Amino acid sequence: MGIVLENKRLYDKICYLHRQMYRENIQLFAKFGVSPVQMLAMVFIRKKAVQGIKVMQKDVEKFINLRASSVSTLISNLETKGFIIRTVAEGDARAKFIELTEKGNNICLKDKQLMEKSDKAIQSALADDEQEEFERLLTKIIDSVSENN
């Protein structure tokens, strides 16, 4: 931990924090045999389903920002592992909706629980006013980085 405190670059500290918190998530992914990108796709599908929105492959492509062929492979692998199912859209046999199976929903819930645990760890380190200031500063940084990219 002393090495982190000696380093004065904020970028390095942000990366260190991300790696520390990401390790648990990677272990969850490995336990279920999914990659971080596959998990991202499943969380996206789940969020849309909760909103009552049906998801198609092109929606996943746009959200993840990957080529159609990469997303096709990703979707096929998730289907093979039993995390999702594809159903044909009425009136267009070429259009297929992607839905999570119970197994897919369960891993999304476990991921959500892990995110909540991580969020609590961050919150417990800061007082209420510090949390608000931290969130404000993070938003400011994110906006600045987004403008410059």
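Since this is a predicted model, take the numbers as computed values, not measurements.
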Response to the item:
Across all chains, not counting sequence neighbours, the salt bridge (charged side-chain N to carboxylate O under 4.0 Å, His left out) partners of Lys117 are Glu24
Worksheet item: Going from CD1 on Ile141 to OH on Tyr11, what distance comes out if it is rounded to the nearest 0.5 angstrom?
Response: 13.0 Å
Worksheet item: Hey, what do you get for CD1 (Ile75) to CD1 (Ile84), rounding to the nearest 0.5 Å?
Response: 4.5 Å
Worksheet item: If two hydrophobic side chains count as joined below 4.5 Å and joins carry through other members, does Leu114 share a cluster with Val37?
Response: yes
Worksheet entry | Within 6.0 Å of CD in Glu90, more than 12 heavy atoms from elsewhere | no
Worksheet item: Is there a chain of hydrophobic side chains (I, L, V, M, F, W, Y, each step under 4.5 Å between heavy atoms) that links Tyr22 to Val34?
Response: yes
Practice prompt. Mind listing the closest non-hydrogen atom pair of Ile98 and Val60 along with its distance?
Written response: CD1-CG2, 4.3 Å
Worksheet item: Within a strict 4.5 Å, meaning less than it, do heavy atoms of the Lys13 and Leu17 side chains meet?
Response: no
Discussion item. side-chain contact (heavy atoms from CB on, under 4.5 Å) for Ile64 and Phe44? Distances and angles first, verdict last.
Written reply: CA-CA 9 Å; Ile64 297 179; Phe44 171 74; over 6 Å; no
Worksheet item: Looking only at atom types and distance, does a side-chain atom of Ser76 sit under 3.5 Å from a main-chain N or O of Ser72, one as donor and one as acceptor?
Response: yes
Fill in: Hphob cluster co-occupancy, Leu66 + Phe29, side-chain heavy atoms under 4.5 angstrom
yes
Item to complete: Is it possible for you to say whether Met21 and Met115 belong to one hydrophobic cluster, with membership spreading through side-chain heavy-atom contacts below 4.5 Å?
Response: no
Practice prompt. Using a strict 4.0 Å threshold on nitrogen-to-oxygen distance, state whether Arg136 and Glu133 make a salt bridge.
Written response: yes
Worksheet item: More than 12 heavy atoms of other residues, nucleotides or ligands under 6.0 Å from NZ of Lys96: is that the case?
Response: no
Worksheet item: Just wondering, do Ile107 and Lys103 contact through their side chains at under 4.5 Å, heavy atoms?
Response: no
Worksheet entry | Minimum-distance pair of heavy atoms, taken over all atoms of Ala68 and Gln57 | O-NE2, 3.2 Å
Practice prompt. Would you sort out whether Asp59 and Lys48 count as a side-chain contact (heavy atoms from CB on, under 4.5 Å), showing the intermediate values?
Written response: CA-CA 10 Å; Asp59 301 320; Lys48 292 298 180 185; over 6 Å; no
Practice prompt. Enter the distance from Glu132:CD to Leu137:CG here, rounded to the nearest 0.5 Å.
Written response: 12.0 Å
Worksheet item: Is there side-chain contact between Phe63 and Val55, with heavy atoms separated by less than 4.5 Å?
Response: no
Discussion item. Do Thr73 and Arg67 pair up side chain to side chain, a donor and an acceptor below 3.5 Å, judged on atom types alone?
Written reply: no
Worksheet item: Hey, what do you get for OG (Ser118) to CG (Asn25), rounding to the nearest 0.5 Å?
Response: 7.0 Å
Worksheet item: Between the side chain of Thr101 and the main-chain N/O of Phe83, is any donor-acceptor distance below 3.5 Å?
Response: yes
Worksheet item: Below 4.5 Å, heavy atoms only, C-beta onward: do Pro36 and Ile26 meet side chain to side chain?
Response: yes
Worksheet entry | With sequence neighbours excluded, residues passing ring-ring contact (aromatic ring centres under 6.0 Å, His included) with Phe32 | none
Discussion item. My understanding is that a hydrophobic cluster links ILVMFWY residues whose side chain heavy atoms are under 4.5 Å apart, including indirect links. Using that, what else belongs to the cluster containing Met56?
Written reply: Phe97
Worksheet item: Is the number of heavy atoms from other residues, nucleotides or ligands within 6.0 Å of CD (Gln51) greater than 12?
Response: yes
Worksheet item: When rounded to the nearest 0.5 angstrom, what distance separates CD in Glu116 from CG in Asp111?
Response: 10.0 Å
Practice prompt. Using distance alone, with no hydrogens and no angle criterion, decide if Gln131 and Glu135 have a side-chain donor and acceptor under 3.5 Å apart.
Written response: no
Discussion item. To the nearest 0.5 Å, what is the distance between SG on Cys15 and CG on Leu10?
Written reply: 11.0 Å
Discussion item. So, applying side-chain contact (heavy atoms from CB on, under 4.5 Å) with Asn105, which one of Lys110, Met42, Arg46 is it?
Written reply: Arg46
Worksheet item: Do the side chains of Ile85 and Leu78 join up, straight or via other hydrophobic residues, at under 4.5 Å, putting them in one cluster?
Response: no
Fill in: Greater than 12 external heavy atoms within 6.0 Å of Asn65's CG
no
